[in-house]
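Numbers restart at 1 for each chain; the letters A, B, ... are given by sequence-line order, proteins then strands. For clarity, every value in this text was computed on a predicted model and none was experimentally measured.
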Amino acid sequence: LSRRLQAQLGERLRAYYDQLAFGEQPVPDRFIEIIGRLDHGHAEKRS
Amino acid sequence: MTPIEPTLRDAMLQATPNLRAFAISLTSNVDRADDLVQETLLRAIANIGRFQPGTNMQAWLFTILRNLFHSEYRKRRREVEDTDGKYAASLAVQPAQGAHLDFEDMQKALTRLPHDQREALLLVGASGFSYEQAAEICGCAVGTIKSRVNRARTRLAELMQLQDVEEELGPDRLTLSVMQAVA
């Protein structure tokens, strides 16, 4: 593939990925809650 | 338990959107992806003592997620192409109207790539990992990752019907559109 086509593909791939990663709710609440356990010393407890 | 430094939590939070995008792209299913991310975060927290401060949290989380995907989820062999659009409909994140076709094209094309190629392309081309980091995450040689990425790019270009256009032979699209607009 030419560099131009590679660049075009890369741009479209990143645009697609960014929409998934940084859409309406990039980090759902349940993940924030799980990560928050780091602060509370509950790392050993699994729900 | 020793108090955890806030930077670890912050690093984990920061890595999560990319981790989730990777999981969605791997599984083609938002619910499965979120289960995978949840299990990854739980395992990471349970093993936080093994994380080497100063190393790349995102790479560590991606490695855990990838291993989970291969050891548990892939066995189910439920990965199917999104022929009926259910994957698109299930996405929590819907693109803006103007970008919808591009998004769908990419989504469909990715599901048609062989799994190892899709994974390599997502790590290097979308998640921003180097070839070396991607090789470490996948547990294979750097040359293998390079080869997979190259094949994935070629196949993706075919699937999306993207073609090389010689710029030197004529005006580019922008120039053409301006010419058409003023004609």
Side-chain angles (χ1 to χ4, degrees), chain A, chain B residues 1-6 8-10 12-14 16-25 30 33-34 37-38 41-49 91-96 99 102-107 109-110 121-122 125-128 150 152-154 156-157 160 162-167:
Chain A
L1 297 182
S2 70
R3 286 188 180 277
R4 190 181 181 211
L5 192 50
Q6 285 188 39
Q8 189 185 346
L9 259 182
E11 194 177 314
R12 292 180 71 164
L13 184 62
R14 283 189 294 275
Y16 162 80
Y17 209 67
D18 283 350
Q19 285 179 12
L20 289 180
F22 304 106
E24 290 173 11
Q25 195 181 15
V27 185
D29 290 342
R30 63 166 154 155
F31 298 154
I32 294 174
E33 187 271 321
I34 291 170
I35 295 169
R37 294 178 199 177
L38 277 173
D39 288 339
H40 299 100
H42 293 164
E44 73 281 6
K45 294 182 181 176
R46 297 181 48 142
S47 61
Chain B
M1 179 176 175
T2 308
I4 304 293
E5 291 181 22
L8 283 181
R9 184 203 60 191
D10 294 344
M12 208 174 268
L13 269 176
Q14 199 173 4
T16 300
N18 251 347
L19 191 70
R20 188 165 181 250
F22 182 59
I24 294 172
S25 302
V30 171
D34 281 349
V37 172
Q38 177 168 322
L41 293 174
L42 288 169
R43 290 207 180 189
I45 290 171
N47 294 284
I48 197 70
L91 283 173
V93 183
Q94 288 292 337
D102 273 355
F103 185 88
E104 280 195 349
D105 285 350
M106 180 59 74
Q107 182 180 293
L110 282 172
L121 184 67
L122 289 168
S127 301
N150 282 338
R153 281 180 177 145
T154 303
L156 207 57
M160 297 182 75
L162 300 177
Q163 293 178 338
D164 274 326
V165 178
E166 293 295 335
E167 287 177 273

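Heavy-atom distances place both the backbone and the side chain of A/Arg12 under 4.5 Å from chain B. Neither the backbone nor the side chain of B/Asn150 comes within contact range of chain A; no heavy atoms are under 4.5 Å apart. Of the atoms belonging to B/Leu121, heavy atoms from both backbone and side chain fall under 4.5 Å from chain A.
For the atom pair CZ of B/Arg20 and CZ of A/Phe31, the computed distance is 6.0 Å after rounding to the nearest 0.5 Å. Of the inter-residue distances, the one linking A/Arg14 atom CZ with A/Gln19 atom CD reads 14.0 Å to the nearest 0.5 angstrom. Here the straight-line distance linking atom CG of B/Asp105 with atom CG of B/Leu162 works out to 9.0 Å at 0.5 Å rounding.
Neither side chain, A/Tyr17 nor B/Ser25, offers a donor N or O lying under 3.5 Å from an acceptor on the other.
Across B/Gly49, B/Ala126, B/Ala33, the residue that shares the most heavy-atom pairs under 4.5 angstrom with chain A is B/Ala126. Highest contact tally toward chain A, considering only B/Leu13, B/Asn18, B/Asp34, is held by B/Asp34 [criterion: heavy-atom pairs under 4.5 Å].
Take A/Leu1 and apply the side-chain contact (heavy atoms from CB on, under 4.5 Å) test, not counting sequence neighbours, and it matches A/Leu5, A/Gln6, A/Leu9, B/Arg153, B/Thr154, B/Ala157.
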